[in-house]
Protein chains: 2
Amino acid sequence: MGFPVCLEGSRLVDSGNFNYSPTIARLIEELKKIPGIGRKSAQRISFYLLKSKKESALRLAQAIIDAKEKTRFCSQCNTVTEEDPCAICSGSKRDIKKICVVEEPFNIYSIEKTSLYNGLYHVLHGNLSPIMGIGPDELKLDGLFKRVSAGDVEEVILATSPTTEGNATAHYLTEILRKYKIKITRIALGLPVGADLDYVDSVTIARAFEGRTEC
Amino acid sequence: MGFPVCLEGSRLVDSGNFNYSPTIARLIEELKKIPGIGRKSAQRISFYLLKSKKESALRLAQAIIDAKEKTRFCSQCNTVTEEDPCAICSGSKRDIKKICVVEEPFNIYSIEKTSLYNGLYHVLHGNLSPIMGIGPDELKLDGLFKRVSAGDVEEVILATSPTTEGNATAHYLTEILRKYKIKITRIALGLPVGADLDYVDSVTIARAFEGRTEC
């Protein structure tokens, strides 16, 4: 099998002189801009699209165009919607005394799936993050304060993620909202349903103990 | 904090009566069709696009449309290309005596990055997989046999993945190609560069021993 090359590895370089053709390279670059999609995934998706039937790739392109053209932000809760106000804000059966504050529009879907909550929402479009340079001005807070000061709201449920940023945002909102005579709550921290105690981190277990309820 | 509900979990259902608006649902559905993108990723990508600037989302849509309209399969090696034959097949400096057989077009990129191979390629667009109902007729094999029987080729390098399907494909091709007077090789199996022996599976270690070379 030829001369054995023990140091072959050192000749391997990470960027060859091979390049994709311009249109393919452009598709890969556009896909790479999506958070969570790296070079490898962008390549795989690109070649999946290039290999798939023309109709199906064009259907995706059209779906992106339609979604951008037909949707806007709800003027009340800031979610992405086709109709303003959105279906939840204009829903006659929703409890307008409750506002659940979430980070992103898709968080609403996760909460709605549980069928346990019947109030309204407010989407912040992010969290406070001094490290990333995201301060209160970068979040959609004004609308929330306006809605609360209008007087109908009795409870604001802070449902930002239990991360450093999500907790900071919840703390910040608690401080500001304290001046209104409303109940301010934070979603419970504890063990996820079905979790094995052995595999849950100790911070979560500690919070589960702190937040224990009587049976 | 209200009445403690120990059996709350049992009321949680996986599909609520909340639905995305039609255009958003369609975008999520189209994205979900891409292999490796599940519901959660499709949601995240959709909302990223919905929140991003209109120009940047439309740039992605246009990139998909352009890629579909400007690319085709290379009539020689079957890769996806803008010009037929592709840059590699028509490259004057390539060694036309060698053909490297790969599964997918993007595998070419991985090999080209190493700058070690200067021959031609042949893309199968898949692997044999009896379980998935993929037989020889589903792969682009005829072109390969035509190229080999034309007489210029001296070596066919089988670079399908070392998976059950990739190995089956390599075995199948070896059997068929044996009738031509050419060298048939398979890329080496062994430890990946930088691997810790402790963390490499025993099948790989066994193959690394079998394929050992003199230093």
Side-chain angles (χ1 to χ4, degrees), chain A residues 1 4 6 9 11-18 20-24 26-27 30-31 33-36 41 43-51 54 56-68 70-71 80-83 87 104-106 109 112-116 125 193 213-215, chain B residues 1 4 6 9 11-18 20-24 26-27 30-31 33-36 41 43-51 54 56-68 70-71 80-83 87 104-106 109 112-116 125 193 213-215:
Chain A
M1 296 298 287
C6 285
R11 278 177 61 202
L12 296 169
V13 286
D14 198 34
S15 61
N17 42 18
F18 172 75
Y20 286 118
S21 64
T23 17
I24 302 178
R26 188 157 65 88
L27 179 56
E30 290 300 332
L31 286 166
K33 289 179 188 166
I34 298 172
S41 301
Q43 267 175 225
R44 283 192 174 258
I45 296 172
S46 296
F47 280 99
Y48 164 78
L49 292 171
L50 291 167
K51 280 179 66 177
K54 194 173 174 182
S56 84
L58 295 188
R59 255 203 315 274
L60 171 60
Q62 195 57 48
I64 296 171
I65 294 167
D66 287 352
K68 279 315 275 188
K70 292 188 187 162
T71 60
V80 178
T81 177
E82 276 180 64
E83 285 152 26
E104 298 292 345
F106 51 78
Y109 181 77
E112 287 294 299
K113 272 207 306 185
T114 68
S115 303
L116 282 174
H125 288 283
V193 176
T213 54
E214 271 185 62
C215 291
Chain B
M1 295 298 283
C6 283
R11 279 177 60 202
L12 295 169
V13 286
D14 199 33
S15 62
N17 42 19
F18 172 75
Y20 286 118
S21 63
T23 14
I24 302 178
R26 189 157 64 88
L27 178 55
E30 291 300 332
L31 286 166
K33 290 179 188 167
I34 298 172
S41 301
Q43 267 175 224
R44 280 190 177 262
I45 295 171
S46 296
F47 281 99
Y48 164 78
L49 292 172
L50 290 167
K51 280 178 65 176
K54 193 171 175 183
S56 84
L58 295 187
R59 257 203 315 274
L60 170 60
Q62 196 56 48
I64 296 171
I65 294 167
D66 287 352
K68 280 313 275 188
K70 292 189 187 162
T71 59
V80 178
T81 177
E82 276 180 66
E83 285 152 26
E104 298 292 344
F106 51 79
Y109 181 76
E112 287 294 299
K113 272 207 303 185
T114 66
S115 303
L116 282 173
H125 287 285
V193 176
T213 53
E214 274 187 59
C215 291

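Each chain gets a letter, A, B and so on, in the order the sequences are listed, and its residues count up from 1. Computed from a prediction, not measured in an experiment: that's the story for all the values here.
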Would you compute the distance between atom [atom1] of [X] and atom [atom2] of [Y] and round it to the nearest 0.5 angstrom?
{"X": "Leu50(A)", "Y": "Thr81(B)", "atom1": "CG", "atom2": "OG1", "answer": "10.5 Å"}
{"X": "Ser21(A)", "Y": "Lys70(B)", "atom1": "OG", "atom2": "NZ", "answer": "10.0 Å"}
{"X": "Arg26(B)", "Y": "Asp66(A)", "atom1": "CZ", "atom2": "CG", "answer": "4.5 Å"}

So [Y] and [X], do their side chains get closer than 4.5 Å, heavy atoms only?
{"X": "Arg44(A)", "Y": "Glu104(B)", "result": "no"}
{"X": "Lys33(A)", "Y": "Arg59(B)", "result": "yes"}
{"X": "Ile34(B)", "Y": "Leu60(A)", "result": "yes"}
{"X": "Phe106(B)", "Y": "Tyr48(A)", "result": "no"}

Closest approach of [X] to [Y] (non-hydrogen atoms, all atoms of both residues):
{"X": "Lys68(A)", "Y": "Leu49(B)", "answer": "NZ-O, 2.9 Å"}
{"X": "Ile64(A)", "Y": "Leu27(B)", "answer": "CG1-CD1, 3.6 Å"}
{"X": "Ser56(A)", "Y": "Glu30(B)", "answer": "O-OE1, 4.1 Å"}

Identify which part of [X] has an atom lying under 4.5 Å from any heavy atom of chain B, answering side chain, backbone, both or neither.
{"X": "Lys54(A)", "result": "both"}
{"X": "Glu83(A)", "result": "neither"}
{"X": "Thr71(A)", "result": "side chain"}
{"X": "Ser46(A)", "result": "neither"}

Checklist line | Top contributor to chain B interface from Pro35(A), Ser41(A), Gly36(A) [non-hydrogen pairs under 4.5 Å] | finding: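 Result: the option with the highest number of such pairs is Pro35(A).
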
Item checked: No-hydrogen, no-angle side-chain donor-acceptor test under 3.5 Å, Glu82(B) and Thr23(A) ->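 Their side chains do contain a donor-acceptor pair, which is all the 3.5 Å distance test asks for.
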
